[in-house]
Amino acid sequence: MDTAHPLFGTPTGPDGPGGPPKCSAKGCRDLATWSLLWNNPKLHTPDRRKTWLACDTHRDSLSQFLAVRGFLKETEPFSEPSSE
């Protein structure tokens, strides 16, 4: 079960109660523009990727939070999955 860090919120998916995917920063309601792909090597296999979403404003702070712990693996532009 995934849980949010107390300093940060939980990303809202396309089917979530908040509508379109939003930034994972606590209290931020901006649309996601970045995907921060990470894993905790003590808990996850090396190929597993978890995702936090970020807006332009919170990309750096969320990335730093993950990077300082050695969790951040990739940052890429966010694009919603097609509903086809």
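Keep in mind the model is a prediction, meaning the values are calculated, not measured.
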Open item on the list: Determine whether Leu36 and Leu66 satisfy the following criterion, side-chain contact (heavy atoms from CB on, under 4.5 Å), listing intermediate values before the conclusion.
Closed with: CA-CA 9 Å; Leu36 309 177; Leu66 293 168; 4.1 Å; yes
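- The shortest non-hydrogen separation linking Ala54 to Cys23 is CA-SG, 3.8 Å.
- Between Lys73 atom NZ and His44 atom NE2 the span is 11.0 Å, to the nearest 0.5 Å.
- Summarising the geometry of Phe78 relative to Ser35, their closest heavy-atom pair is CD1-OG, 3.3 Å, with the distance given to 0.1 Å.
- Taking the six-membered ring where the residue is Trp, Phe71 and Trp38 present parallel rings, their angle staying beneath 30° rather than reaching 60°.
- Leu72 and Phe65 fall within the same hydrophobic cluster, where Ile, Leu, Val, Met, Phe, Trp and Tyr residues are linked whenever their side-chain heavy atoms come under 4.5 Å apart, directly or through other members.
- Formation of a donor-acceptor pair under 3.5 Å by the Asp30 side chain with backbone atoms of Lys22 is not found in this model.
- Note: the hydrophobic cluster containing Trp34 does not contain Leu62 (ILVMFWY, side chain heavy atoms under 4.5 Å, direct or indirect links).
- Rounding to the nearest 0.5 Å gives a distance of 12.5 Å between CZ of Arg48 and CG of Leu37.
- Residues Thr57 and Cys28 have side chains not in contact (no heavy-atom distance under 4.5 Å, counting atoms from C-beta outward).
- At least one donor-acceptor pair under 3.5 Å links the side chain of Ser24 to the backbone N or O of Leu53.
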Task: Stepwise side-chain contact (heavy atoms from CB on, under 4.5 Å) check, Glu74 with Arg49 - done: CA-CA 9 Å; Glu74 299 173 64; Arg49 293 293 180 265; 3.9 Å; yes
